[in-house]
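Only one structure is covered here, and it is reproduced in the block below.
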Number of protein chains: 2
Amino acid sequence: MTINKNCIIRLSRYKNALYRLKNLGFVKVFSDNLADAVGVLPSQVRKDFSLFGLTGNRRGGYNIDELIESLGNILGKDKVHEVIVVGAGNIGTALMNYKGFEQEGINLVACFDIDPAKQKKASGMPVFPLEELKDFVKQRSVRIGIIAVPDIAAQQVLDIMISAGIKGILNFAPIRLRGPEDLVVNNINVELELENVIYFVNALRKTRGK
Amino acid sequence: MTINKNCIIRLSRYKNALYRLKNLGFVKVFSDNLADAVGVLPSQVRKDFSLFGLTGNRRGGYNIDELIESLGNILGKDKVHEVIVVGAGNIGTALMNYKGFEQEGINLVACFDIDPAKQKKASGMPVFPLEELKDFVKQRSVRIGIIAVPDIAAQQVLDIMISAGIKGILNFAPIRLRGPEDLVVNNINVELELENVIYFVNALRKTRGK
DNA sequence: AGTTTTTTGTTATTTTTTTCACAATAAAAT
DNA sequence: ATTTTATTGTGAAAAAAATAACAAAAAACT
C-alpha cells in the first residue's frame with residue numbers, strides 16, 4: 001500500500017483523538033481505542049502507523065505523548081505555517097475570526113480581496129487589495145493559500161497565487177482548479193456535502209420504508 | 001460495483017459542470033468533456049451514469065438539459081429541503097448569510113444557539129434558543145441539520161437533533177459523532193483539510209528537491 | 001521461572017474502486 | 001446506400017484500499 005490522502009487524513013484524526021484522550025488523563029492508548037474514536041478498525045490504525053514507522057509496545061499499546069509528537073512531526077506541526085486567505089466574504093471572514101488555527105501551528109497572516117469596500121481591518125486581520133498579494137507572498141515566502149472567492153474568480157485568483165509561489169490551496173470555490181502538476185489542491189464544498197447528506201437520507205428512507 | 005458516497009459526490013460535480021456548460025451555450029456534452037471538467041476519466045463518467053441508468057446516444061453524447069434534469073431527480077432536487085443550523089458562531093453565521101443554497105433547493109429555515117447573546121435576528125434569519133429546536137423540527141418535519149458548535153457540545157446537540165427526528169447531519173465539529181445506524185453524517189473539518197494540504201506540500205518539496 | 005494473556009506489526013485475503021478494452025451503434029461522410 | 005468515424009455502455013482486468021489473520025513479543029499472573 002502506498003501513502004494516500006485518506007491515510008493522512010486519518011493521521012490527523014488520530015492526533016485529534018489523542019489530544020482528547022490526553023486531556024482525559026490517559027497516558028497510553030491501544031489501537032482499538034483510537035479506532036473507536038475515529039471510526040475505523042483497529043487493524044487500519046496499526047496499518048497506518050506501520051506505514052510511517054510509528055511503533056508501540058506489544059501488549060503495552062502506544063504512549064500518547066510520543067504518538068502526538070510523532071504525528072506532529074509527520075504532519076508538519078514542528079513549525080508554524082503561514083497561510084493567506086483570498087476573499088473576504090462570508091467564508092473568508094469566518095476563517096479569519098476562527099481562533100483554532102494557532103494551536104495547530106497554522107497562522108493566517110493576511111487576507112486579500114478585490115473589492116475596496118472589504119479592504120478594511122475587519123476584526124483584527126488586515127484585508128489588502130488583491131494586487132498586493134504577489135509581493136506579500138513572495139516577500140514572506142508563503143506557501144499555502146485559501147481561496148474563498150466566487151467560482152468565476154477562482155481560477156484567476158489561483159493563477160496569481162501560483163505566480164507568487166503558492167504551492168498548496170484549500171479551495172472553497174465550487175469549481176475544479178487547474179494548476180501545475182505539483183500544486184496541491186484540497187476542495188471544500190459545503191453545498192455539495194449537504195446535497196450528499198440529503199441524497200443518502202432520501203435513499204435510506206426509500207429502502208427502509210418511511 | 002455498488003453505489004457509494006464518492007459516486008454521488010461525482011454526480012453533484014457533474015451537475016455543477018453541466019450548469020456551467022449550459023450557461024456557455026452548449027446543448028450536448030460527451031463523457032470526456034465532463035471528465036475533464038470534474039477531473040476524472042471518461043470511463044468513470046460513463047460508469048457512474050450507467051449505474052443510475054443515465055443514458056446518452058452512441059456517438060451523439062448526452063443532452064445537457066436531460067442530464068441536468070435526471071441528475072436533479074437522483075440528487076433530490078425535485079423538492080425543496082428544509083435545513084436547520086445549530087450554532088450561530090463564525091461558521092453558522094457564514095452559512096446563514098450564504099445565498100447559494102436556495103438555487104439548489106436547500107432552504108435554511110432556522111438557526112439555534114444556546115447563547116442568549118446570539119439569539120437575535122442576525123441578518124435576516126432568526127436565531128432561536130436551543131430548547132426550541134425539538135418542537136420546531138418536529139412541527140416542520142425537518143430532516144436535515146448542520147452542526148456548527150464547538151466539539152465539546154456537538155454530541156449533546158446531535159442527541160437533541162436525533163430525538164427531534166433529524167436524519168442527516170452536516171457536521172463542522174472536529175469530532176466523531178455517534179448516532180443510530182441509519183443516521184447520515186458528513187463531516188467538514190477545515191483545519192484537517194488545511195493540515196492535509198500542508199502535509200502534501202511538504203512531502204512534495206522533499207521528494208522533488210527544494 | 002514458567003505460563004497465560006493481551007496487543008502489536010505485518011503478511012495474506014478480500015473487497016472496493018478505478019481503469020481498460022472493445023463490441024454495439026448512431027451520426028457523418030462519401 | 002455504404003463506409004467511415006466517433007462515442008457510448010458494459011464486462012473484464014488491474015489497482016488500490018480495507019479487513020482479517022496470526023506469529024512475535026511484552027506484560028501480568030502463578
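Letters go in sequence order (proteins before strands), and every chain restarts at 1.
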Problem set entry | Side chain proximity check, B:Ile160 to B:Val86, heavy atoms < 4.5 angstrom | no
N/O-N/O pairs, protein side and nucleotides 11-14 of chain D side, under 3.5 Å:
{"from": "D:dA12", "atom 1": "N6", "to": "B:Lys47", "atom 2": "NZ", "distance (Å)": "3.2"}

Exercise. Which part of the nucleic acid does A:Tyr62 contact within heavy-atom distance under 4.0 Å: base, sugar-phosphate only, or nothing?
Worked result: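 Sugar-phosphate contact only.
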Check [X] against [Y] and note the closest heavy-atom contact, atom names and distance.
X	Y	answer
A:Ser12	B:Glu195	OG-OE2, 2.5 Å
B:Val38	B:Ala17	CG2-CB, 4.3 Å
B:Tyr199	A:Leu75	CD1-CA, 4.3 Å

Rounded to whole Å, how long is the line connecting atom [atom1] of [X] with atom [atom2] of [N]?
X	N	atom1	atom2	answer
B:Phe30	D:dT5	CZ	P	17 Å
B:Leu41	C:dC20	CG	P	6 Å
B:Asn6	D:dA18	CG	P	11 Å
B:Gln44	D:dA15	CD	P	16 Å
B:Tyr14	D:dT8	OH	P	12 Å
A:Lys5	D:dA15	NZ	P	23 Å
A:Ile3	D:dA16	CD1	P	14 Å
A:Leu51	D:dA16	CG	P	14 Å

Problem set entry | Residues forming a ring pair (Phe, Tyr, Trp, His ring centres under 6.0 Å) with B:Phe26, sequence neighbours excluded |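 Counting only residues at least two positions away or on another chain, B:Phe26 forms no ring pair (Phe, Tyr, Trp, His ring centres under 6.0 Å).
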Just to confirm, is there a sub-4.0 Å distance from OP1 or OP2 of [N] to any side-chain nitrogen or oxygen of [X]?
X	N	value
B:Ser43	C:dC20	no
A:Thr55	C:dG9	yes
B:Arg46	C:dC22	no

For this session: Specify whether A:Phe49 and A:Tyr14 have parallel, tilted or perpendicular ring planes, treating 30° as the upper limit for parallel and 60° as the lower limit for perpendicular.
Result: perpendicular
For this session: Would you please classify the geometry between the B:Phe112 ring and the B:Phe136 ring as parallel, tilted or perpendicular, with 30° and 60° separating the classes?
Result: perpendicular
Exercise. Short question: side chain of B:Asn189, backbone of B:Glu191 - any donor-acceptor pair under 3.5 Å?
Worked result: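 Between the backbone of B:Glu191 and the side chain of B:Asn189 there is a qualifying donor-acceptor contact (under 3.5 Å).
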Problem set entry | Side chain A:Asp32, main chain A:Ala35, donor-acceptor under 3.5 Å | no
What protein N or O atoms touch nucleotides 26-30 of chain D N or O atoms at under 3.5 angstrom, if any, and at what distances?
{"from": "D:dA26", "atom 1": "O4'", "to": "A:Arg58", "atom 2": "O", "distance (Å)": "3.3"}
{"from": "D:dA27", "atom 1": "N3", "to": "A:Arg59", "atom 2": "NH1", "distance (Å)": "3.3"}

Problem set entry | Over 12 foreign heavy atoms within 6.0 Å of CD, B:Glu132 |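 More than 12 within 6.0 Å, yes.
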Can you give each donor-acceptor pair under 3.5 Å made by side-chain atoms of residues 146-158 of chain A, sequence neighbours left out, with the distance rounded to 0.1 Å?
{"from": "A:Gln155", "atom 1": "OE1", "to": "A:Arg178", "atom 2": "N", "distance (Å)": "2.9"}
{"from": "A:Gln155", "atom 1": "NE2", "to": "A:Asp159", "atom 2": "OD1", "distance (Å)": "2.9"}
{"from": "A:Gln155", "atom 1": "NE2", "to": "A:Arg178", "atom 2": "O", "distance (Å)": "2.9"}

Exercise. Using a heavy-atom distance cut-off of less than 4.0 Å, which residues of residues 176-184 of chain A contact DNA chain D?
Worked result: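 Under 4.0 Å from DNA chain D: no residue of residues 176-184 of chain A.
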Exercise. When you measure from the side chain of A:Asn4, which nucleotide among D:dA17, D:dA21, C:dT18 comes out closest?
Worked result: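 Of all the options, the side chain of A:Asn4 is nearest to D:dA17.
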Exercise. Under the side chain to side chain contact (heavy atoms under 4.5 Å, CB included) test, which residues partner B:Asp115, sequence neighbours left out?
Worked result: B:Asp113, B:Ala117, B:Lys118
